[in-house]
Asker: 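Have a look at this one before I ask anything.
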Protein chains: 4
Amino acid sequence: MCRWLAYIGAPILMEELIFKPKDNLIQQSLHAKSPRTPTNGDGFGLGWYDKQPNPGLFRSIRPAWNDLNLLDLTSHIESHLFMAHVRATSQATIQETNCHPFRYKNWLFVHNGQIANFGQLHQSLLAKVLPKYFENILGSTDSELMFHLALSFGLEDDVPAAIAEMVRVVEAAGKEIGIAESLWMTLCISDGESLWGFRYGSNGKGPTLYVSPDISELRRLNPDLKDKFGEFAACIVSEPIGNFQDSWKPIPDNAKIVIQNQQIVISDFNP
Amino acid sequence: MCRWLAYIGAPILMEELIFKPKDNLIQQSLHAKSPRTPTNGDGFGLGWYDKQPNPGLFRSIRPAWNDLNLLDLTSHIESHLFMAHVRATSQATIQETNCHPFRYKNWLFVHNGQIANFGQLHQSLLAKVLPKYFENILGSTDSELMFHLALSFGLEDDVPAAIAEMVRVVEAAGKEIGIAESLWMTLCISDGESLWGFRYGSNGKGPTLYVSPDISELRRLNPDLKDKFGEFAACIVSEPIGNFQDSWKPIPDNAKIVIQNQQIVISDFNP
Amino acid sequence: MCRWLAYIGAPILMEELIFKPKDNLIQQSLHAKSPRTPTNGDGFGLGWYDKQPNPGLFRSIRPAWNDLNLLDLTSHIESHLFMAHVRATSQATIQETNCHPFRYKNWLFVHNGQIANFGQLHQSLLAKVLPKYFENILGSTDSELMFHLALSFGLEDDVPAAIAEMVRVVEAAGKEIGIAESLWMTLCISDGESLWGFRYGSNGKGPTLYVSPDISELRRLNPDLKDKFGEFAACIVSEPIGNFQDSWKPIPDNAKIVIQNQQIVISDFNP
Amino acid sequence: MCRWLAYIGAPILMEELIFKPKDNLIQQSLHAKSPRTPTNGDGFGLGWYDKQPNPGLFRSIRPAWNDLNLLDLTSHIESHLFMAHVRATSQATIQETNCHPFRYKNWLFVHNGQIANFGQLHQSLLAKVLPKYFENILGSTDSELMFHLALSFGLEDDVPAAIAEMVRVVEAAGKEIGIAESLWMTLCISDGESLWGFRYGSNGKGPTLYVSPDISELRRLNPDLKDKFGEFAACIVSEPIGNFQDSWKPIPDNAKIVIQNQQIVISDFNP
C-alpha cells in the first residue's frame, strides 16, 4: 500500500506538509500502523508546479526517511500545487522509473492500489496505449500504465471520462481472464491548474481518501501557517496527517473530487 | 557503445579477467579510446554460473570503476563460466533492470549495439513476445527485448535459429516504418554449458568481437594464470584486454562463434 | 537498534540463515516488533570468509528487503563463517561506509547499540586510534570507531582484553564529560577462525544476544538443513530467528561467548 | 581532478550555466580532455542560495550526466548565487558526504586539488578542528577537512585570513613528515552574499581558475540570457564553459578573487 498527498493553494515550502505535521507522510512511511503494510521504504517521489511550463520531479529509491536531499529540497522549494508519494511494493522492481508521480508534459499522476493479476494483463494492456504516449512509459508498474491508458483515452481533454474508460478497459481485460474484481485505487491527477482525486474499487471498496477541512478550519488548526495559506488551500491525502486527524473529511467510496478555481466538488464516480 | 567479456574454462576468480589484466574492462570503461563513446559509466553487470541451477547476477547503476562491492565480489567468487558488461547509453534510463546480463532461468544474455529508431518499434516488438516470457521483462532496453524475442522464437531449443529469427523480425519491423538497416549488434548467450557469440550488422558491419587465442597461447601469455586455466579456457570480448592485444582473433562480420564441449567453432551468420 | 547474526560451521549458502528461516533477519528488518525501532531500513551488510585470505564484504544503503543483488549473492555464495547486519539509525549518515560489518585485514566486526553522547566524544576518541589503523576508518559511526580503538588496544593479539580496554576508554571519556553510563552494545568479531560475541551495558543491561542450541538440537529443528550443518555449527544472533525461537539460549548480561575449535564457552565480561 | 563553477548575479535557473552552455560542466565531466583525468563520474553536488537563511544542497554519487533529478532540479530552481561541482577521485570513497559543496550554516565551500600524502596527515589535522565544528564533518575528504580547519581559524570573520592560516597549518604538518610541497588547490567559498575564490599551489602552480568577462561582454556573448543577467553577474570556474572560451580571464597563480557588492577584486594570495 502506498501513501500520498497533494496540495493546492498559495505557494508554501513543501516541507510544511511533507515533514512538519505530526504523523506526516515521512513518519507514516516509517511507522506504518497497519499490520498489512509494515513500511513504505520502497522509494518516493515529489512533483511540483512553479512558473515553468511543466512540473518538476524528484524521485528516489531510497527510503524517504533517510534521504538528505529530500529534506533539503522540500525546505527550499515553494509550490502552489504539488504531490508527494511514498511507495511500498512487493511487485514491480524498486527503481526510480517506478516511483510516483508519473509525468507527461504538464500532467502529474499518483496512485495507491493495484490491478489484480497485473502480470497476466500487463502485455495486453500495454498494447492499448497509443503510440504517441508509449515511449513516455519508462517503468514497469500498473500505476504508470493506468496513467498512459487514461492519456490514450483522452485524459488531456476530459479527466473523469478518461479515467472511467481506463477503469472499464482494465476491468474488461480482467474479466477476459476470469477476474471479476480487478481494480482498487485512489488516484490524484493535475494539469498544473486543477486537481482531480478518485477513490474506486471494483468491489465498491477502494483505499481511503480524505480532503482537508475548509480554509477557515485549516487556519484555525494550523495557526503557524495561517498567513501562508492565502485565500484558498486544500489538500487531498491517502491518510490524514497533522494533529487534527478527525478534521479531515473522508471521500466516499466510488467518488471523485475536483478542485478547480478555488471550488471543491465531490461527486459520484461510477464507470 | 557497451563493452563486455565472457569466459568459459576452469573456475577462476572473476577478478582475473575483470580487474587484473592491463586494459581490462573496468579501465576500458573509464578511459574509452574512441571519441564517440567517452566513458562507460552508465551501470554494469556480472552474471556467473556455479553449482546452483541458475546463474547469479550482480548489477549496479554505479560506474564499475567506483563500486567497492564489485571489487570484493570478483575477488571472492570463482566461476567456470561468466559474463561482465559495462554500459554507455544515451537511450534507456540508467536503472539496474536495464543493466546486462539479462537472465531467464539458466540463460544469460549480453548485448552491444542497438536497434535503430527503437522508440518507434518498441511497442510493436513487445507485442511479439510470448506471454510466458513477457513478465520476465523488467526494464526498457532494446537489448532485453531482443533476448525475449529470441526466447519466444525458440532460443531454449536452438540458439542460432532463434537469434536469426529475432534479427529477421526486427529488420522486418524496421522496414515497415521505412528503415532499411535497423540492427547492429554483438551478442553473447549461455545456458550454463555452452557459449554463443554473434556479430552482425544489417549493413554488414557489426561492432567488433574477438576470441582469445588457443589455450597453449593463453598459458604462454599469462604465465601467472597458466595453472588456473585447466585443460581448456576461452574468452570472447567486445574489445581485446591484456598485454597481448594482437593475440586476440577477430570474429568476422556476420558470423557466430560457438564454444561447446571444449571446441570453438566460428561460422557464418546470415539471417 | 540494529540487528545481526553470525554463523560458524560447515559451509552453507548464506540464504539458509538470512532469507529462509521464519522471522529471518530481512523480515525482522521490515517488520520490527518493538515500537522503539520501527524498521531497519538504513542499509545492511554481509561479510563472509572463504578460501581467500581476507573476508569478502557486500554493503549497501538500500533496505535489505528490496535489494535484488543481496538475494542473488546469498543464494550463490557459500561460507563456513559469515556475519550479516541490518541497520536502523537516527545518527550517522546512511552511507555504505557506515554499514557493518567493518573489516581490517582478516578481521570482521559488527555492533548493535551505541555510545551515549557520541557527538561530544567523537573527536577525542578518534585521537586515541593508532595511526596505523586510522586510515582504515572510512565512515562516521561510533561502531567503526569502537572497532579501531579495539584494534589499537591489541585486538589482533587478545580479543577480550582489547574489547575490555576499549570499554574502559569509552567509559572514562564519557565520565570526563559527566556521563556516568555511556556504552550499550552487543558485538561480534571474527578473525576467520574463531567467533567472539559480547553483551555489555554500562548500566548492566546490554541489548539482547542469543546463541543457537547445540548441533543435535539444530539438526532436529532444521531437518532440511541437517546434512548441511556438518559436525559442528553455531549461530549468534541479536534476536532469535526461525520457527523455534524458544530454543535459542540467551547470553547473560555483561558476558562474552567464544566459539573456537568447535567449542562454545560463555563467561563473564566485566571490563 | 574535480571541476566546479560558481555564479553570482540576478536569479537564473541553474541549468542556464550547468547544462545549457557548450562545454558545460556536465559535458566536461563526461568528456574530459586531459589524459590525466578521464572522467568526472564520482559524484556531484549543487549548493544554492534563495530566500531561506541557509543554502540548499543536492548531492549525489551518480555521475552527473545520468542523473534525471539533477536535470529537473536545475531547470526548476532559480538562484542568485550557486555552486556546482563534479568529482573525480582515486582517493576518498564515493559517498554523498564526500561530494562538494560542503555546508556549515550559511556557508558553502567547493575545492579542486589535494593535500599530498593526506593519509599521513589526516588524523593530526582532524585534531586541530575546533570541537564546535567537528560534528559537522560527515565524510572523509581532505576538502571537507580544509573547510573545517578554515572555520576553526576564523573563516566566519575573515575569509582570506582563515584560508591563509589553513594553508600554513597544512604545509607545516606536511613539513613535519618531510613533505616540502603539500597543497594544491582552487577554492570557492560563499556566505550567501559574497564569493571568494582562491588559486594556490605550494609550488606556485595551483590548478586553473577563471572569471567571466564583465557584464557587458557577458551580455554580448550570451544574447539569449542578456535580459536575465540583470545589472551585475559573474561566474568563477575551474575550466571555461560556453562558446567563447577565450573571453574568460585566468586568475593568476597564488591569487584570490573577491566578488562583493557587485565589485570584483583580484589580488595576491601569499600565505
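We name chains A, B, ... by the order of the sequence lines, and we start the count at 1 in each one. Basis for what follows: all heavy atoms, side chains included, without hydrogens, waters or symmetry-related copies.
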Asker: For the residue pair Thr97(C) and Gln95(D), establish whether any side-chain heavy-atom pair is separated by less than 4.5 Å.
Answerer: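 They are in side-chain contact.
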
Asker: Count the heavy atoms of every other residue, nucleotide or ligand shown that sit under 6.0 Å from CD of Glu193(D), and state whether that count exceeds 12.
Answerer: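 At most 12 heavy atoms, drawn from other residues, nucleotides or ligands, come within 6.0 Å of this atom.
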
Asker: Would you say the side chain of Gln123(C) lies within less than 4.5 Å of the side chain of Val129(D), judging by non-hydrogen atoms?
Answerer: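 Side chain of Val129(D) against side chain of Gln123(C), heavy atoms only: contact under 4.5 Å found.
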
Asker: Can you measure from NE2 (His122(C)) to CD1 (Ile137(D)) and round to the nearest 0.5 angstrom?
Answerer: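 If we round to the nearest 0.5 Å, His122(C):NE2 and Ile137(D):CD1 are 9.0 Å apart.
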
Asker: Please table the atom pairs, donor to acceptor, closer than 3.5 Å between any side-chain atom in residues 150-157 of chain D and protein atoms at least two apart or in another chain.
Answerer:
{"residue": "Ser152(D)", "atom": "OG", "partner": "Leu130(D)", "partner atom": "N", "Å": "2.9"}
{"residue": "Ser152(D)", "atom": "OG", "partner": "His148(D)", "partner atom": "O", "Å": "2.8"}
{"residue": "Glu156(D)", "atom": "OE1", "partner": "Tyr133(D)", "partner atom": "OH", "Å": "2.5"}

Asker: Kindly compute the distance separating CZ (Phe134(C)) from CD (Gln120(D)), expressed to the nearest 0.5 Å.
Answerer: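 Going from the CZ atom of Phe134(C) to the CD atom of Gln120(D) covers 13.0 Å.
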
Asker: Which atom pairs, one a donor and one an acceptor, fall under 3.5 Å between side chains of residues 162-179 of chain C and the rest of the protein, sequence neighbours left out?
Answerer:
{"residue": "Glu165(C)", "atom": "OE1", "partner": "Arg168(C)", "partner atom": "NE", "Å": "3.3"}
{"residue": "Glu165(C)", "atom": "OE1", "partner": "Arg168(C)", "partner atom": "NH2", "Å": "2.9"}
{"residue": "Arg168(C)", "atom": "NH1", "partner": "Pro271(C)", "partner atom": "O", "Å": "3.2"}
{"residue": "Glu171(C)", "atom": "OE1", "partner": "Tyr200(C)", "partner atom": "OH", "Å": "3.4"}
{"residue": "Glu171(C)", "atom": "OE2", "partner": "Tyr200(C)", "partner atom": "OH", "Å": "2.7"}
{"residue": "Glu171(C)", "atom": "OE2", "partner": "Ser202(C)", "partner atom": "OG", "Å": "2.6"}

